[in-house]
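What follows is one structure encoded as structure tokens, with my remarks underneath.
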Amino acid sequence: MKRQPVQGLHHITAVASNPNKNIAFYQDVLGQRLVKRTVNFDDPKTYHLYYGDKVGSPGTIMTFFPWAHMRRGVRGVGETGATGYLIPPDAIPFWQERLRNLNIEASAPTTRFGETVISFADPDGMPLELITDSDNSHIDYWDNGDITTEHAVRGFQGVTLWVRNAEPTAHVLTELLGFSFVGKEKNRSRYRGASTATGLYIDLLELPKVNQGRFGAGSVHHIAFRTIDDDEQAEYLDRLRLAGLNVTPVQDRQYFHSIYFREPNGVLFEIATDAPGFLYDEPVDDLGKTLKLPSWLEPHRTEIERLVPELDMDKPV
Ligand code: ZN
């Protein structure tokens, strides 16, 4: 038995509509690096875009399936209500000014668990938050030119899940995944993963009278927790199944291996392995520059490249 408590979030996967608007926002506004450009393995005419720090460290990775004709989702219980990115404590004025200059509407700063939060949305209406944290967790800073390291987003702070009843989800987090209870503010309870890495917090926002969310563009599809490798993941698979959860077999996602299950409020959880990681099929300097395909789709590359939309970043300047 080598299983340790879950170290925090590995990645978050969401749905976008237009891939070019998605890249422009996450790369050019938030300063995240496009670390991998591949396709949805179950729907290879759709991109799968991954953003993160310079190397795509676990806890920094936001991924999207851009489906052009997907109607916008409606927030509700049973899903991720907001995704929080960490910023250094002094970076609030920088981000307020940056968002204002880019005509992105943001809330006035509020305080939550002693940290400052500003809220805004991505081009598909997906709720995002910038949350200060003096811990200054380590990431591999990517210098894209106009955001210095003192202001840069430092991976995920965590997510807020909208739930009818927090208790059964809290039970999964604390009893099965090894999260610890941090505290409660009104209807928000906070849980922390067991490390000093980034992406540590899961907040449960209890909203007993809110309807179930409707999935669509701007919705988070699932959140993924970290495990080190296949052996540790296998121990989690057994543990979750023993607890009566309906867990999928292991899926090969090329850059990590995944199992999925729905927690009691309906949020889709994944447990992903840190290994093999995003340097598996291209070196650091080349991450995200060209379309990468798994071996089983490589024979269809010509057709896939014809079907996926052209990206603005590939057009000659
Ligand atoms: Zn995933």
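Remember, it's 1-based here, ligands and their atoms both numbered in the order they're listed.
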Sequence-distant partners of Leu279, side chain to side chain contact (heavy atoms under 4.5 Å, CB included), two or more places apart: Val284, Leu287
Any protein N, O or S atom under 2.8 Å from the Zn ion (ligand 1)? Found His11 NE2, His222 NE2, Glu270 OE1
Residue pairs, two or more places apart or on separate chains, that pass salt bridge (charged side-chain N to carboxylate O under 4.0 Å, His left out) and touch residues 69-78: Arg75-Glu79
Donor-acceptor contact present, side-chain Asp281 to main-chain Lys292, <3.5 Å: no
Looking at Asp312 and Lys315, is there a salt bridge between them, counting it only when a charged N and a carboxylate O are closer than 4.0 Å? yes
Arg154 and Asp53: salt bridge (Lys or Arg N to Asp or Glu O under 4.0 Å), yes or no, with the steps? CA-CA 8 Å; Arg154 309 192 63 78; Asp53 68 358; over 6 Å; no
What residues join Leu268 in its hydrophobic cluster, counting side-chain heavy atom gaps under 4.5 Å, either direct or through other members? Tyr260
